[in-house]
Each structure stands twice: as structure tokens, then as C-alpha cells.
Amino acid sequence: MRLAPCAFFSHLCKKINPIMSVRVRFAPSPTGPLHMGGVRTALFNYLFARKHQGTMILRIEDTDQGRFVPGAEEYIMESLEWCGIQIDEGIKEGGKFGPYRQSDRKLIYKQYADQLLESGWAYYSFDSSEDLDAIRKEYESRKETFSYDTQTRKSLRNSLTLAPDEVKRLLHSGVHFVVRFRMPENHEIVMQDIIRGEVRVNTATLDDKVLFKSDRMPTYHLANVVDDHLMEISHVIRGEEWLPSLPLHVMLYKAFGWTDTMPQFAHLPLILKPNGNGKLSKRDGDKLGFPVFPINWNNPETNEIYSGYREAGYFREAFVNILALLGWNDGTDKEIYTTDELIQAFSLERVGKSGSRFDPEKAKWFNHQYMLLKSNEEIAEEFIKAQGSRLKAQVKAQGSRLRDQVEEVEWNRIVKIISLVKERAEFVKDIWSQAWFFFEAPTTYDEAVIKKRWSPEMPLILKDITSLLLPYLSLAPCALSLGEFETLIKGHIVANSLNMGNVMNILRLCLVGSSVGPGVFDIMALLGPKEVIARIDRAVQTIG
RNA sequence: GGCCCGUUCGUCUAGGGGUUAGGACGUCAGAUUUUCAUUCUGGUAGCAGGGGUUCGAUUCCCCUACGGGCUACCA
């Protein structure tokens with residue numbers, strides 16, 4: 001085994017090769033739900049692929065059979081779909097580089113492990129996990145750390161130290177063995193990362209990683225490099241937690257003789273917890289007070305449900321926007337992007353180097369921005385979907401679209417209500433608390449408002465106002481416009497020199513039960529004269 | 001512990017050898033509104049520390065500190 005001079009890594013400096021098409025992959029392992037950091041990695045891959053008219057691949061890395069979680073694969077695909085991250089090649093989509101699930105590629109890895117064994121870049125290791133654990137403990141007791149490396153391998157049970165006959169005998173005896181990478185001694189590996197620039201590591205600090213496990217499955221490292229090569233991946237965009245294994249991967253490309261087509265690497269900074277200790281992890285679940293998952297995850301083992309952004313009421317566009325701006329910006333002050341705009345503006349060079357703490361408050365602000373951007377009709381659809389049972393919205397039997405199932409009068413009314421309250425809502429679910437009084441009459445009245453605004457003569461004043469509305473009773477509910485209500489009532493207040501603030505606030509109290517909500521006349525116009533009179537009468541009766 | 005990566009307002013960030021260090025979220029104050037909210041205006045707050053290099057460093061280099069990642073027959 002010989003090593004060429006370090007110069008052979010210099011090709012890594014090359015910029016994006018225009019001839020080679022961009023092919024990127026998102027390669028999660030189905031050990032549970034994807035969390036938002038994983039989704040962001042997928043998103044950056046997707047944006048990069050679309051930006052360069054490339055191909056986005058979803059590869060499932062399930063080489064650890066012990067950690068397989070049922071439903072995780074489906075969860076991953078559903079999450080990406082919700083985010084609008086379209087996969088070009090994958091399990092569902094197919095493609096000529098399949099299969100796209102590593103457990104279905106099991107046979108492929110064996111031959112590559114053999115290739116390394118033959119060329120001397122790998123060796124058999126017969127040390128059992130128990131033996132190794134014991135050695136680790138022993139080292140620990142001396143306050144040292146054991147690593148299976150260029151030095152320690154010389155005195156362990158492997159095909160480097162054992163006689164060839166003995167190795168052959170062991171192989172045929174059926175004892176467990178693993179295949180380890182034979183790390184060269186004392187060589188400087190120089191790597192290029194698109195985000196971090198040059199990274200150097202000496203092989204003396206690296207260990208001999210297991211490539212092929214005793215269960216005949218490859219480890220992540222082998223499978224990953226082999227698949228990226230076979231699938232002609234041009235850029236590996238992954239989380240920073242992988243940076244420490246980059247030297248190994250680079251060496252593997254070298255060992256296989258694939259350096260000429262080795263992908264370029266970009267290691268994304270991590271998303272950190274808001275309180276600032278450690279990266280965001282799946283295990284955070286709902287502990288942090290905000291979802292860490294894109295969509296709800298039902299833990300099959302405990303039956304616990306962890307909340308997702310989708311169910312928490314986030315718009316998908318908002319969620320994607322939030323993720324995109326965590327660690328990336330285009331250098332301008334722009335913060336609200338459609339996915340197409342993200343694709344246009346995206347570049348790996350503008351991804352930052354340092355980890356970002358997630359700010360749940362700003363996430364809400366983003367959703368509010370999208371609330372403002374959306375049409376009233378769109379929000380009305382969502383609102384009816386969420387609150388349908390409360391609305392008594394006279395749902396018609398037929399109609400494929402939700403909108404067609406609602407009486408037109410009611411639909412128009414809801415759209416109008418949305419237009420009045422959407423700017424005060426962050427989520428669709430907030431709309432009910434801002435607008436419930438359009439659908440139900442209040443039954444209680446805020447004491448503080450009564451104390452401040454009510455006076456003994458108020459019932460009389462209100463009586464006058466209701467008589468003002470009486471002539472319009474026979475008309476359709478919404479026949480009296482906002483302006484007409486205003487002219488009528490304000491005119492009355494002014495003509496009788498009444499206290500504007502008191503009367504208006506009391507009117508609001510009668511209609512809403514407290515001192516919140518849109519303009520009083522807006523509310524009246526939507527309620528109609530009949531309901532307004534009814535609510536005033538009821539309030540007067542209740543308050544006295 | 002070892003190896004690697006990082007460090008600009010509380011948070012996300014722009015910037016870059018000479019800037020009043022810019023924006024956004026949050027927060028505070030004022031304005032508007034018949035209420036609440038929205039909105040608008042304004043304020044608050046930052047280059048981790050120490051050495052170099054330089055006429056001049058927040059910007060380039062080194063060290064320290066701090067933060068983060070990795071350190072499995074997990075990915």
C-alpha cells in the first residue's frame with residue numbers, strides 16, 4: 001500500500017464542474033422522525049439541486065438493523081412532501097441508480113469490502129465487542145482513551161498480526177469478524193469544504209473504522225461512499241456532525257481509486273437549542289416549548305405523540321422560509337421568500353459557518369407574515385377546515401371543494417371576517433379567538449369595562465339606539481352597511497351630546513362581551529340589525 | 001481527555017483594514033385608533049479577551065477563553 005503525495009488531493013480545489021451534472025442526495029436513517037435540522041439539510045440539498053437544474057435523490061440509510069423504527073421511512077417522505085421538497089429519485093420515484101434503500105443494496109457492499117481487502121486498504125479484525133469493551137475500560141481506568149488505530153492494531157487480533165493460516169482458519173470457523181479500514185500512518189490529509197475552506201487532519205489522529213460489520217452489513221461509512229460513487233453524487237451536503245468523518249471518507253475514495261469523481265463536500269452548521277446548550281435533537285421532543293418535528297410523530301413504542309409544525313398551525317411556506325434563513329442569507333435584507341425565490345437566491349457559498357440557535361418567537365412572526373400574504377379565501381378554507389363543527393356553516397352535502405360545500409352567503413361572510421381579523425393572528429387557530437363573537441353571542445360581560453363605562457342611564461341610551469335600528473329589521477341580515485350603521489349611530493350620539501367613548505365601548509361590550517375586536521361598526525355590519533338588537537337587549541337584561 | 005469546527009446587539013444576521021458597525025425578531029417609549037390587536041415612528045443593545053502585522057484593526061495572523069461537533073460492529 002503506497003500513498004501518493006498530498007498533492008493528489010489538490011483536485012478537490014476545483015470549482016463546480018460544469019460538465020458533470022449536479023446530483024445531490026438527502027440520506028436520512030429511518031431511526032425515528034426527522035427533526036427540523038434534518039429537514040433543513042434536505043431543503044438545502046433541494047434548493048441547490050433546483051438551482052443547478054440537478055437531481056434530488058432520497059436514499060434511506062438503514063444499515064443499522066437494530067435501530068430501525070417502523071413508520072419512520074413513511075414519516076420522512078411525508079414530511080418532505082409537506083415541505084414541498086420534491087424527490088427526483090428514490091424509493092417511491094424510482095430511478096436508474098436504485099435501489100434507494102441501503103438494506104436492499106446489501107450485496108453490493110460486500111464486493112467493495114472485498115476489493116479493499118484485496119488491495120490492502122482493509123483488514124479482518126477478530127476482536128470481539130466484549131474484548132474491545134474490556135480494553136476500553138482498562139484504558140479508562142488509566143484515564144486514557146482507547147482507539148483501534150495505526151498503533152494499537154499492531155497488538156490486536158487481526159489479519160495484520162495473525163499468521164495467514166490462522167486468519168484463514170478463523171474465517172472458515174464461523175467466528176465473528178469485522179472488516180476495518182487500514183488507515184495509513186502519519187499522513188496529512190488536506191480536504192476542501194465549500195463552506196469551511198481547507199481542513200487538514202493527520203491520519204495519526206484517526207482510527208481504523210469498521211467498514212463491514214459482523215452481521216454482514218456495511219457501516220455508514222462504507223455504504224455512504226460506495227453509494228455516493230455509484231449514484232454519481234456530485235455534492236455531498238450534510239450536517240457538521242459529519243465533518244470528523246470526512247478524512248475517512250476522502251481516504252476511502254482514494255482507496256477505491258475514485259478521487260477523480262469524488263463529490264464536493266459542504267458541511268452545514270448545526271441548529272442549536274434556544275437556551276444554548278447543544279444541538280437540537282429528536283429527543284427534545286416537545287420539551288422546549290415548540291415543535292422540533294415537521295409533522296406530528298406518533299412514537300410506536302410509547303404511543304406518545306410529538307407535535308409537528310404542520311399540526312401546530314404553521315404554513316408550509318413559512319416553515320420552509322424559517323429553515324432556509326437558519327444559517328443562510330443572500331446578503332440582502334430580504335427575509336420573506338417563496339420557494340422559487342429561495343431557489344434563485346440560494347448558494348452554498350453564502351451558508352454561514354457557525355451554529356444557529358432557533359428562535360421560536362421569530363418563527364411565529366414568520367407565520368404571521370405569511371398570514372398577511374395569503375388571500376382571505378385561502379385562510380377561510382383553512383379556518384372552516386379547522387373550526388367547521390363550531391361554525392354551523394350549513395355544510396351542503398355535495399361539492400368537492402370545501403368552498404362549494406358552504407352556503408355562499410356564509411362563505412362570503414367568513415371571508416369578510418377573515419379580512420378583519422387576520423392581521424391580528426399568527427396562526428389560523430388564533431382566528432377563532434379573534435372572531436368567535438361573529439358566530440356566537442357573548443354570555444358574560446367584562447366586569448372591568450362595566451365598572452369603567454356603565455352608568456344608570458345606559459339602558460335608556462341603548463334603548464334609543466335599538467329603536468334607531470328597528471326600521472331595518474325586516475331586511476336581510478347584512479343589508480345595513482358599515483357606513484350606514486356609522487352614520488346612524490354616530491349621528492345619534494353627536495346629536496344628543498352623548499359621551500362617544502362610553503357609548504361606543506358599551507356597544508362593543510354588548511356585542512362582544514369585552515373590549516376587544518375590530519371596529520364596532522364592522523361588527524354590526526356583519527351581525528346585522530336583528531342580531532345587534534338582540535345582543536343589546538340581552539346585555540341590558542344581564543347587566544341591569 | 002484527544003481531534004475537528006466555530007465566535008458581530010438577548011436571538012437570527014449584514015459588513016469588512018479607515019463605517020455614526022446596517023437590517024430583522026424580541027423588548028421599551030411615543031403616535032394613531034371608540035377597545036384590543038395591527039400599523040407607523042423612535043429608543044435600547046454587539047465586534048469574547050490578549051498579543052502581533054499596520055499610519056490605522058471589529059476586519060489579517062497567533063495565543064487564550066468560551067461554545068459546538070465527533071470520539072460505537074449508530075447514523
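Just so it is clear, the model here is predicted, and its values are computed rather than measured. Lettering of chains follows the sequences in order, A, B, ..., and the numbering in each one begins at 1.
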(request) Could you check whether S147(A) gets within reach of a base, just the sugar-phosphate, or nothing at all, counting any heavy atom under 4.0 Å? (result) nothing
(message) Looking at R25(A) and D228(A), is any side-chain nitrogen of the basic one under 4.0 Å from a carboxylate oxygen of the acidic one?
(response) yes
(request) May I ask you to say what S515(A) touches in the nucleic acid, namely base, sugar-phosphate or nothing, with a heavy-atom cut-off under 4.0 Å? (result) base
(message) Between D207(A) and H221(A), which residue's closest nucleotide on RNA chain B lies nearer the 5′ terminus?
(response) D207(A)
(request) Look up atom CE in M183(A) and atom CD1 in I189(A), then write down how far apart they are to the nearest 0.5 Å. (result) 5.5 Å
(message) Suppose we screen for side chain to side chain contact (heavy atoms under 4.5 Å, CB included). Which residues come up paired with V69(A), at least two apart in sequence or across chains?
(response) A72(A), W297(A), P300(A)
Tabulate below the donor-acceptor pairs under 3.5 Å that side-chain atoms of residues 130-139 of chain A make, not counting sequence neighbours, or state none.
{"residue": "E130(A)", "atom": "OE1", "partner": "S128(A)", "partner atom": "OG", "Å": "3.3"}
{"residue": "D131(A)", "atom": "OD1", "partner": "S128(A)", "partner atom": "OG", "Å": "3.4"}
{"residue": "D131(A)", "atom": "OD2", "partner": "S128(A)", "partner atom": "OG", "Å": "3.3"}
{"residue": "E138(A)", "atom": "OE2", "partner": "R142(A)", "partner atom": "NH1", "Å": "3.0"}

(message) Closest approach to the side chain of V178(A), judged atom by atom: which nucleotide of C74(B), C73(B), C25(B) is it?
(response) C73(B)
(message) Counting primed atoms plus P, OP1 and OP2 as sugar-phosphate and everything else as base, spell out the protein contacts along nucleotides 1-15 of chain B at 4.0 Å heavy-atom distance: B, S or - for each nucleotide, 5' to 3'.
(response) B-SSSSS---SSSSS
(request) Have a look at D127(A) and say if it touches a base, only the backbone sugar-phosphate, or nothing, with a 4.0 Å heavy-atom cut-off. (result) base
(message) Ring centres under 6.0 Å, that's the criterion: do W242(A) and F265(A) meet it?
(response) no
(message) Ring centroids only, cut at 6.0 angstrom: are F290(A) and F358(A) within range, meaning strictly under it?
(response) yes
(message) Under 4.0 Å, counting only non-hydrogen atoms across every strand here, what does K364(A) touch: a base, just sugar-phosphate, or nothing?
(response) nothing
(message) Using a strict heavy-atom distance below 4.0 Å, which residues from residues 505-512 of chain A are in contact with RNA chain B?
(response) N505(A), R508(A)
(message) Counting only side-chain nitrogens and oxygens, does K213(A) get under 4.0 Å of the OP1 or OP2 atom of A72(B)?
(response) no
(request) Please work out if P247(A) contacts a base, only the sugar-phosphate, or nothing of the nucleic acid, heavy-atom cut-off 4.0 Å. (result) nothing
(message) Does the structure show a Watson-Crick or G-U wobble partner for C25(B), both distances under 3.5 Å? Name it, or say none.
(response) G10(B)
(request) Return the nucleotide paired to C70(B): Watson-Crick means purine N1 to pyrimidine N3 with N6-O4 or O6-N4, wobble means G-U with N1-O2 and O6-N3, both under 3.5 Å. (result) G2(B)
(message) Working to the nearest 0.5 angstrom, can you tell me the gap between L420(A) CG and I523(A) CD1?
(response) 8.5 Å
(message) Looking at C73(B), I'd like to know if its phosphate oxygens (OP1 or OP2) sit under 4.0 Å from a side-chain N or O belonging to R180(A).
(response) yes
(message) Is it the case that the ring center of Y445(A) lies less than 6.0 angstrom away from the ring center of W454(A)?
(response) no
(request) Report the distance from atom OG1 of T63(A) to atom CD of E61(A), rounding to the nearest 0.5 Å. (result) 7.0 Å
(request) With sequence neighbours excluded, give me every side-chain hydrogen bond (donor to acceptor under 3.5 Å, both in side chains) pair touching residues 497-515 of chain A. (result) R453(A)-N502(A)
Where do N or O atoms of nucleotides 37-43 of chain B meet protein N or O atoms at under 3.5 Å, pair by pair?
{"residue": "A37(B)", "atom": "N3", "partner": "R424(A)", "partner atom": "NH1", "Å": "3.4"}

(request) Indicate yes or no: does D127(A) engage R157(A) in a salt bridge with an N to O separation below 4.0 Å. (result) no
